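Data block below; observations after.
These numbers come from a predicted model, not from an experiment. When a ligand or atom number is given, it counts from 1 through the structure's own listing order.
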Amino acid sequence: MGPVGEGEALILRVSSNCPWNQCLFCPFYKGRTFSIRTLPEIEADIAVARRFYEALERTSWDMGFGGSVNTAVIDEQIKRSPGVYGKYPLEVTEAQWQAFRTLCNVANWMTHGARKVFLQDANAVSMKPTDLLHTLHHLRKTFPSVERVSCYARSRTCDKLTLEELKELHDAGLSWCYVGIESGCDDVLRYMKKGVSKKEHISGCRKLIDAGICVAAFVMPGLAGAEKSHADRHIQETIHVLNEIRPTEVRVRSLAVRDKSLFY
Ligand code: SF4
C-alpha cells in the first residue's frame, strides 16, 4: 500500500521490504529481508500491466464505452477469460486470484486516468540511480499517460545521491518523495534507531527540493515520550528541521505503538 493520497496510483514494486528495517516504532517489514528487484523483473511487471490495460480498453470499446472502464467492463473481462480468472467465488486458484487482483488494480488506475504510479517498497531510491532512471523511462514509454511518479525515500539515501542524479530522476518523471522525518532531535532519532541525523534530514530533503522533487515530510508527535522537557525539545527541533527543509507538505502521524514494532 502507498500513503494516503496515492489510492489512484498503479503500485509498481521496484524493491522488497526496507533496507534499514531498524526503527523501533515501525511495525512494517519485520523479519523480512530487503532486496532490489532486477530490471527484467520490473519490466515484466510493467508489461503485465500493459497487457491488462489493453485488454480492458478493448473490452470497453466492444461494449460501447469508448475505452473507459467501469464494473460492467471488469465483469465482462472476467467472463471472457475464465482460464485466467476462474469461476467466482468457489473455483479460483491462487494464480487466478492474483490475476483478479492485478485486473482490479489496473482497472482502478484506469478509472483515474492512469496518471499516477507509486514505487514500492520502503525506499525506492536505494536502487542504483541508473536502474531507477531506466525504470522511469521505461514506465513513461509504456504508459505515456503517466504524469506523476512517487515513492517513499530515506533522507539519508537521498543525501548520498548527487544533485545531478536527483535532477535526472526528476526529469525522468520522479515527482514526489514521502520522507519519514519523525523527529528533528538527534537524541530522539538515535534512541529510536532511525539511522539518520538531523543534518542528513535537512541536507537530503533540501537536495530533493532543489532537484524539483516535491517532498511530503512525515513527523511523529509523541516520539519523545510524555516527559515535558523531552517532548518540548522534540517538538522545537522538529519544527526547526521543517523550517530548514521547507517541504511541499507536512504530514502528521502520531506515535502508535503497534505489537509488531520493536518498541512494543
Ligand atoms: S520507518 Fe521506514 S526506514 Fe524505518 S524501518 Fe520502517 S520502513 Fe524502514
Side-chain angles (χ1 to χ4, degrees), residues 1-7 9 11-37 42 117-129 132 135 149-161 166 169 174 176-209 213-225 230 234-235 237-238 241-242 245 247-264:
M1 291 284 289
V4 170
E6 295 293 339
I11 305 289
L12 178 66
R13 206 170 192 197
V14 296
S15 61
S16 302
N17 308 313
C18 171
W20 175 248
N21 212 6
Q22 295 183 45
C23 303
L24 294 188
F25 57 85
C26 173
F28 303 110
Y29 312 117
K30 298 296 163 275
R32 298 200 212 149
T33 312
F34 175 74
S35 63
I36 293 177
R37 301 188 71 225
I42 296 168
V117 176
F118 187 79
L119 306 179
Q120 280 276 40
D121 280 337
N123 188 25
V125 288
S126 58
M127 278 177 90
K128 250 173 47 192
L132 184 51
T135 300
V149 182
S150 49
C151 66
Y152 286 120
R154 294 192 74 223
S155 53
R156 187 163 201 219
T157 311
C158 299
D159 193 35
K160 286 186 183 149
L161 295 170
L166 288 171
L169 293 174
L174 184 65
W176 274 83
C177 283
Y178 294 86
V179 182
I181 300 292
E182 329 301 1
S183 177
C185 173
D186 275 333
D187 287 337
V188 176
L189 292 170
R190 224 177 350 258
Y191 183 84
M192 286 291 166
K193 295 195 167 49
K194 183 70 193 165
V196 58
S197 67
K198 172 182 189 165
K199 196 163 158 250
E200 286 165 324
H201 268 334
I202 296 171
S203 131
C205 289
R206 274 310 321 160
K207 242 189 234 181
L208 284 172
I209 291 168
I213 298 170
C214 297
V215 171
F218 285 94
V219 295
M220 193 170 277
L223 203 58
H230 292 174
H234 165 53
I235 291 167
E237 296 195 32
T238 303
V241 163
L242 291 176
I245 296 171
T248 322
E249 61 182 49
V250 175
R251 294 191 174 202
V252 179
R253 186 172 49 183
S254 300
L255 174 68
V257 183
R258 308 263 184 85
D259 57 359
K260 287 207 176 88
S261 71
L262 298 167
F263 198 44
Y264 181 83

Next on the checklist: What I want to find out is whether Asp159 reaches Arg156 closely enough, with some N-O distance under 4.0 Å, to be called a salt bridge.
Outcome noted: no

Checklist entry - How are the rings of Phe218 and Tyr178 set relative to one another: parallel (under 30°), tilted (30 to 60°) or perpendicular (over 60°)? => result tilted

Item to check | Non-neighbouring partners of Asp121 that pass side chain to side chain donor-acceptor pair (under 3.5 Å), sequence neighbours left out | outcome: Arg13

Checklist outcome for this item: Note, atom 4 (Fe) of ligand 1 has protein N, O or S atoms under 2.8 Å numbering 1

Checklist entry - What do the steps show when you test Glu237 against Ser183 for side chain to side chain contact (heavy atoms under 4.5 Å, CB included), and what is the final call? => result CA-CA 7 Å; Glu237 296 195 32; Ser183 177; 5.9 Å; no

Item to check | Straight-line distance of Cys23 SG to Leu262 CG, nearest 0.5 Å | outcome: 9.0 Å

Item to check | Closest non-hydrogen atom pair between Leu166 and Cys158, with its separation | outcome: CD1-O, 4.0 Å

